[in-house]
Amino acid sequence: MANVFRHRVTAIKDGAIEKRKLSGWIIPKEKSSFGDEDAWTNIDTDVTPLERRTWTAWTMGGYWFSDALNAQSWMAPASIIAVGLTWRESIVCIIFGSLVCTVPLVLNGAIGQRLHVPFPVALKSGFGWHFARFAVVVRMITALFWHAIQTYTGSTAMTQCIRAIWPSYLDIPNHIPESVGITTQQMVSHFIFWSIQFPILLTPPHKLMWFFIFKAFVVTVTCVGVVIAMTQKAGGSGDIWNQKYEVFGAKRSWLILSSLSSITGGWATMATNIPDFTRYIGDKHKNAIYYQVAFLPLIQLVLGLFGIISCSAAKVVYGEYIWDPLTLASHWDGPGGRAGAFFVGFSWVVAQIGTNLSANVISFANDLTSLFPKYCNIRRGVIVGTIIASWIMVPWKIIHSAASLLSFMSGLGIFLAPIAAILASDFWVVKKQHVDVPALYRRHGRYRYNAAGTNWRAVVAFLISIVPNLPGMAAQVNSDLKVGGAQYIYNMFYLYGFTSAFVVYAALSHFFPATETLIPETITEEIEIIGGVEYRNDGLSTPVEAGGSTGSHDGDEKAVMTSADYKV
């Protein structure tokens, strides 16, 4: 036992010494990769191996339970009611806003399921080799901000868990200056939550099914329990159902449209990079992506209703509307109350970790891996992402000191909408679902488009989508700005952004086609000639002998198509 321990310590020490040099961080290049000879790719950027295609329809259901069951979804009706609408409009906005978002979720989810490539690789088909990197960076920035916000929310849930056991925890003296934006007790909670979350975030995506199931069970049971407890305390569900309309006419219509677009925009990140997850769906479960149409709106609706009922009951019990479930739990004292607060805190700890897994850090890691495959894989990307978001970006500052920044983050949907639209339009309308998978990994493959590695059609569609939305976004961040009618475009920023980019890109590609990128069938493998012998490389295993003589491609039309198409 002592020898094993000594050997382990020596290995760690040697590894630390090796990683003092940049060369010590290099990840071995996969032999089965489609990449150029001088390019570096690894298993996390390559086509998803067969053994990792473990997701089923149940996994997708668990995934959406994991992503949608969070404190933000519980409080979603709050922002809608706060602008002067009622619970009725809130429910309508949640249902239809979620349904609108399922369109890009299904369209782009199918790309990951059919091609089994991550989002950054799939982008190259429509954006080009270099412009795709711009879209990847936009998505990375969004993921970092939301990971920071979700992590800090998780730390507030951790506070409820700890104070339920040790009430004196709330009395920890504060030794941090007020200008920092966080107290000593809050910093301790943040550190504890991050320490618990960190090892869970390192779980490989194809092994997440049981965590998703666990979260779905724990959070659902707790939410039902909170609603039952609050209605019992209040002797009913309160009077929120009797709210009067505060706005009328055209203003009310625009507020409804704006709120609906906000619900849709809240899922803009997932609608964009959903291939990062659907790539793990097995070929026998290809219809699993379509279940998203039911999963997301249903979960959002149920959780929103729970939030409305509990908030209404809180008005009766505590004299004020309380939308935040953690703030609600903070009012519970006594043995029974603290036990309830602990379970509420625990469930939201699990909820926030699940949301960070399904929506933020894995997506960031995929993006970072695509930019630096020689040095980064998903595991390393997760480590980098969670350290930057949770500590370097000081999330307590984002939440407590920068309301305008939160408005800006919501507005990032204007950049994500055209990315999702171009990705979907390219696959379904322009390419007609036929993509050359090996060429997605070639720097000078058919999807380079030009010397700049940029598809100008995507650039034009992107600009047409975002430019009309910029004045409205600026006014959202700075309320002193007057932008006139441009505000109305921003009120439906996702609907306009996605639709305009989708249509413009399809139209430009129709009238000015990039013919070198259009193929009659999907190509999933290539033929390599090694030592005068043909080998078939499918990106999944070591290349195997094709079975034909040199120069012959009998019986393999797709292989023939790949043999000479990597230079443009």
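Model, not experiment: these values are computed from the prediction. Note that these values count all heavy atoms, side chains included, but never hydrogens, waters or copies made by symmetry.
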Mind checking what makes side chain to side chain donor-acceptor pair (under 3.5 Å) contact with Asn377, not counting sequence neighbours?
none
Using the salt bridge (charged side-chain N to carboxylate O under 4.0 Å, His left out) criterion, which residues pair with Arg379? Sequence neighbours excluded.
none
Between Gln352 and Asn356, a side-chain donor and acceptor under 3.5 Å
no
Can you run down the side chain to side chain donor-acceptor pair (under 3.5 Å) pairs that involve residues 259-272, sequence neighbours left out, and say none if there aren't any?
none
If we ignore hydrogens and angles and just use 3.5 Å, is the side chain of Thr231 paired with the main-chain N or O of Ile228 as donor and acceptor?
yes
Please, which pairs that meet ring pair (Phe, Tyr, Trp, His ring centres under 6.0 Å) have at least one residue in residues 302-331, sequence neighbours excluded?
Tyr318-His331
Across all chains, not counting sequence neighbours, the side chain to side chain donor-acceptor pair (under 3.5 Å) partners of Asp44 are Arg52
From the options Phe217, Tyr63, Phe277, select the one residue that forms a ring-ring contact (aromatic ring centres under 6.0 Å, His included) with Phe212.
Tyr63
Identify, with sequence neighbours excluded, every residue that meets side chain to side chain donor-acceptor pair (under 3.5 Å) alongside Tyr291.
none
Residues Gln292, Thr102; criterion side-chain hydrogen bond (donor to acceptor under 3.5 Å, both in side chains); working and verdict:
CA-CA 7 Å; Gln292 296 176 108; Thr102 60; over 6 Å; no
Any side-chain donor-acceptor pair under 3.5 Å between Asn360 and Gln150?
no
Quick one: does any side-chain atom of Thr203 pair with a main-chain N or O of Ile200 as donor and acceptor, under 3.5 Å?
yes
